[in-house]
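Read the structure below first, then the notes.
This structure is a prediction, so every number in the text was calculated from the model and none was measured. Letters A, B, ... mirror the listed sequences (proteins, then strands); counts begin at 1.
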2 protein chains.
Amino acid sequence: MTQKTAQAAADLPLDTVLVGDCIELMNGLPEGSVDLIFADPPYNLQLKGELHRPDNSRVDGVDNDWDRFASFETYDAFTRAWLTAARRVLKPDGAIWVIGSYHNIFRVGSALQDSGFWILNDVVWRKTNPMPNFRGKRLTNAHETLIWAGKSDGAKYTFNYEALKQLNDGVQMRSDWLLPICNGGERLKTESGEKAHPTQKPEALLHRVLVATSKPGDVILDPFFGTGTTGAVARRLGRRWIGLERDEAYATLARKRIAGVPRADAESLKTTASRRAEPRVPFGQLVERGLLAPGEVLVSLNGRRTAKVRADGSLVSAETRGSIHQVAAALEGLPSCNGWTYWSFKRDGQAIPIDVLRQQIRAEMSA
Amino acid sequence: MTQKTAQAAADLPLDTVLVGDCIELMNGLPEGSVDLIFADPPYNLQLKGELHRPDNSRVDGVDNDWDRFASFETYDAFTRAWLTAARRVLKPDGAIWVIGSYHNIFRVGSALQDSGFWILNDVVWRKTNPMPNFRGKRLTNAHETLIWAGKSDGAKYTFNYEALKQLNDGVQMRSDWLLPICNGGERLKTESGEKAHPTQKPEALLHRVLVATSKPGDVILDPFFGTGTTGAVARRLGRRWIGLERDEAYATLARKRIAGVPRADAESLKTTASRRAEPRVPFGQLVERGLLAPGEVLVSLNGRRTAKVRADGSLVSAETRGSIHQVAAALEGLPSCNGWTYWSFKRDGQAIPIDVLRQQIRAEMSA
DNA sequence: TCGCATATTGAATCGCCCG
DNA sequence: ACGGGCGATTCAATATGCG
């Protein structure tokens, strides 16, 4: 450690939450003093009216003041300002993570590149339990995006390749991470039982980020600390942390929360097992992947019934239409029927069960 | 179809590949004439050497910061130029898809928003078989990102919700799609056995995009056509297509490839329809047709509320009167309520949902 | 205390037609 | 162009309550 960095480290407000504007607070920290930054900035969601679930209950959306910006220009100016301040406090071999959704992540990614950061990966947090699209007007918004970037092109950075391989059952960790959203006992509540913060992130996400790209003893800075998930995980993993938060109430909650987190022995570092994608294969994938063509005819195993495949993976017979299971059941007059074992298709005059194709896809998925 | 759009359609070079600069070619197409655009623009930022400013002067590689800035600036200018041309040829209710990786997708997303497009979803293509990270210095780059955007905020767009739900085994399609990369027999090869195009996309990806956000007969434009995956899938799915490609060799390959693709029959192209598309049946018709008598009493599904049918198809309860929806909403204290699923009537002591009668009338109408 | 049914909730850019 | 009315729409994980 050089004298300069030693002095910088001594000046750091380690393991504390500072309340105030994160840009001013960062500018008050020594230059080049922080190993890793994790930032969960406002997403600028731009929600308009109210939204109700099909059961008429109201969705509690994010309508906080801190998420309202007048325009993209305003949001961009804010983003560039805090990224500039963040880059200054970062060590030359430091790195940054930023999380966002499609509302803001493209602005953030561009600003990162323009500020001189060098993107190392973009990572997709796939939610096991996202909120559905209640009106059926779009795809279920089932993921958020994280960007991992080094301080500059060619700079060194920390990446614990083997540790992440361990976390992923011995194979290279991919850029798509499947993790549940933060709920249950982990979700902080107010005394009246409401959620304490509208966008609390799961500790498992931070766990993976910190295990992947920091070392024990590293200083982790979070400029949008909220209720302190970054601090809680940093403490458990034996890292030092600094939290910046504008809202005194959130800061107070975070301090209390983190104080209750046990520092870990090396053992609990290995707890988060990766959840592998389940091998469910929708019949429609056989059509999408060209294993069956739209218009192709399926034949029942007993040879007595036929149905035609449609582009969306539904079947049509003379009398009925629906899924492979529904059409099979209707044709046989049964309450239910497993279409996978009922239908076959013809290749070179031979009848082949469609389940053969499903097994083919499953083999690809697990390969 | 208005005269203007009819003329525009007549002027379109349907089902052909045009060779040349995609911006010039798009500017030669009629305004507001295309239903959907799928774009797979070049990712290559050419960051190492060969940097050119927007005026095509070569950047002198002395200052790293200037290099980086100049290259992003060049890429941004190119992106904004082709997006502007693309937006002009799009119908007001049209939409665009763009695919990219972390090298370029943040530039593209920001440019889309700045050009007036309205992002509807970002979609993650998760690769079952990505290329591993050989050096173990980063995460396996296992996904690419697609952005789906409407022409402007508030504009309509096509989304075949039920078809995608069908493709996903009966649950809402999510924003993360697991599909293999294009290889094997689908991957076009040169005569010497090398891959014909470096970034050929899998047909399954285009299948899902087109089934989700276009209708049979729609015009699909691909300004970076390459070897024509968009055209091949469009033809199979009964869509019209226009391909723009700078490289004559790719265009030739694409033409040959697409000519060999069989068209699916019209019946197989129909996808599972949404209930919204079914003909509207005014409640009064049930009374007119004698399925319900004036004075007959309806009961809510929870059994707690009743209302009486009047001759004009309105309801009266003790407290309020109006349509089946209005009375249900008022009685439940809700902002709105679907009366069709709220009310039932009695026959032989049994409660029968009034929606049964609506389905009866619809069946008669389609017979 | 267990098992089952019901209720609640999560970073959400979530209608459309007709007069 | 705008306002009113019709009527379509949800998945996974907890929490609660009941027998």
Side-chain angles (χ1 to χ4, degrees), chain A residues 40-64 66-69 72 99-105 125 127-145 180-187 189 193-195 197-202 224 226 278, chain B residues 93 113 117-122 148-150 152-157 159 161-162 165 168-175 274-284 313-314 322-326 328-329 334-343 354-355 358:
Chain A
D40 182 9
Y43 287 8
N44 188 24
L45 287 187
Q46 307 174 64
L47 302 181
K48 289 167 183 166
E50 290 203 330
L51 179 64
H52 292 88
R53 299 185 180 81
D55 65 3
N56 272 312
S57 61
R58 198 181 71 84
V59 174
D60 183 18
V62 177
D63 59 351
N64 306 61
W66 48 254
D67 197 47
R68 279 198 278 269
F69 295 83
F72 280 127
I99 183 167
S101 67
Y102 68 82
H103 310 85
N104 72 322
I105 199 65
W125 167 28
K127 303 180 184 183
T128 57
N129 47 352
M131 188 186 296
N133 187 293
F134 296 114
R135 305 300 292 266
K137 303 307 291 182
R138 303 184 182 186
L139 300 162
T140 306
N141 198 354
H143 74 275
E144 293 187 24
T145 301
I181 61 173
C182 179
N183 60 8
E186 187 186 324
R187 187 87 194 214
K189 301 279 166 53
E194 299 153 335
K195 56 189 175 192
H197 193 283
T199 71
Q200 188 183 340
K201 295 294 176 289
F224 306 97
E278 66 276 32
Chain B
D93 296 348
Q113 292 175 315
F117 288 100
W118 190 250
I119 298 181
L120 299 167
N121 275 119
D122 62 336
W148 171 38
S152 51
D153 181 13
K156 285 201 295 184
Y157 53 88
F159 180 55
Y161 175 76
E162 290 293 341
K165 194 170 171 176
N168 198 36
D169 254 11
V171 292
Q172 283 191 347
M173 183 67 81
R174 298 168 41 115
S175 55
S274 81
R275 222 175 303 178
R276 269 182 269 259
E278 294 190 65
R280 206 175 73 85
V281 177
F283 176 74
S314 62
S323 72
I324 52 171
H325 316 291
Q326 289 167 330
L334 294 171
S336 73
C337 181
N338 184 348
W340 287 109
T341 56
Y342 181 81
W343 297 108
I354 60 171
D355 205 35
R358 181 170 66 159

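The separation between B/R275 atom CZ and C/dC17 atom P is 18 Å, rounded to whole Å. Residue A/R187 contributes atom CZ, which lies 16 Å from atom P of D/dA13 at whole-angstrom precision. Remark: C1' of D/dA12 and CZ of A/R53 are 12 Å apart, rounded to the nearest angstrom. Between the CG atom of A/D55 and the P atom of D/dT10 there is a distance of 12 Å, rounded to whole Å. For the pair B/R276 CZ and D/dG7 C1', the computed distance is 9 Å after rounding to whole Å.
Judged by distance alone, with hydrogens and angles left aside, the side-chain atoms of B/Y157 form a donor-acceptor pair with the main-chain N or O of A/K137 at under 3.5 Å. Panel note: side chain A/K127, backbone A/W125; no donor-acceptor pair is recorded below 3.5 Å. A/D55 places a side-chain N or O within 3.5 Å of a backbone atom of A/S57 that can act as its donor or acceptor partner.
Between B/R280 and D/dG7 there is a side-chain N or O to OP1 or OP2 distance below 4.0 Å. Proximity of A/R135 to the phosphate of D/dA8: no side-chain N or O atom is located under 4.0 Å from OP1 or OP2. Side-chain N/O atoms of B/Y161 include none lying less than 4.0 angstrom from OP1 or OP2 on D/dT9. OP1 or OP2 of C/dG10 has at least one side-chain nitrogen or oxygen of A/K195 nearer than 4.0 Å.
Across all strands shown, C/dC4 forms a Watson-Crick or G-U wobble pair with D/dG17, both key distances being under 3.5 Å. Searching all strands for a Watson-Crick or G-U wobble partner of C/dT13 with both distances below 3.5 Å returns nothing.
Ion pairing of B/R275 with B/E162 is absent here, as no side-chain N (NZ or NE/NH1/NH2) approaches a carboxylate O to less than 4.0 Å.
Heavy atoms of B/S336 sit under 4.0 angstrom from at least one base atom.
Under the 30°/60° scheme for interplanar angles, the aromatic rings of A/W66 and A/H197 are found to lie parallel.
Distances from the side chain of A/N133 to the nucleotides D/dA13, C/dC14, D/dT10 place C/dC14 closest.
The residue among A/H103 and A/I181 whose nearest nucleotide of DNA chain C is located toward the 5' end is A/I181.
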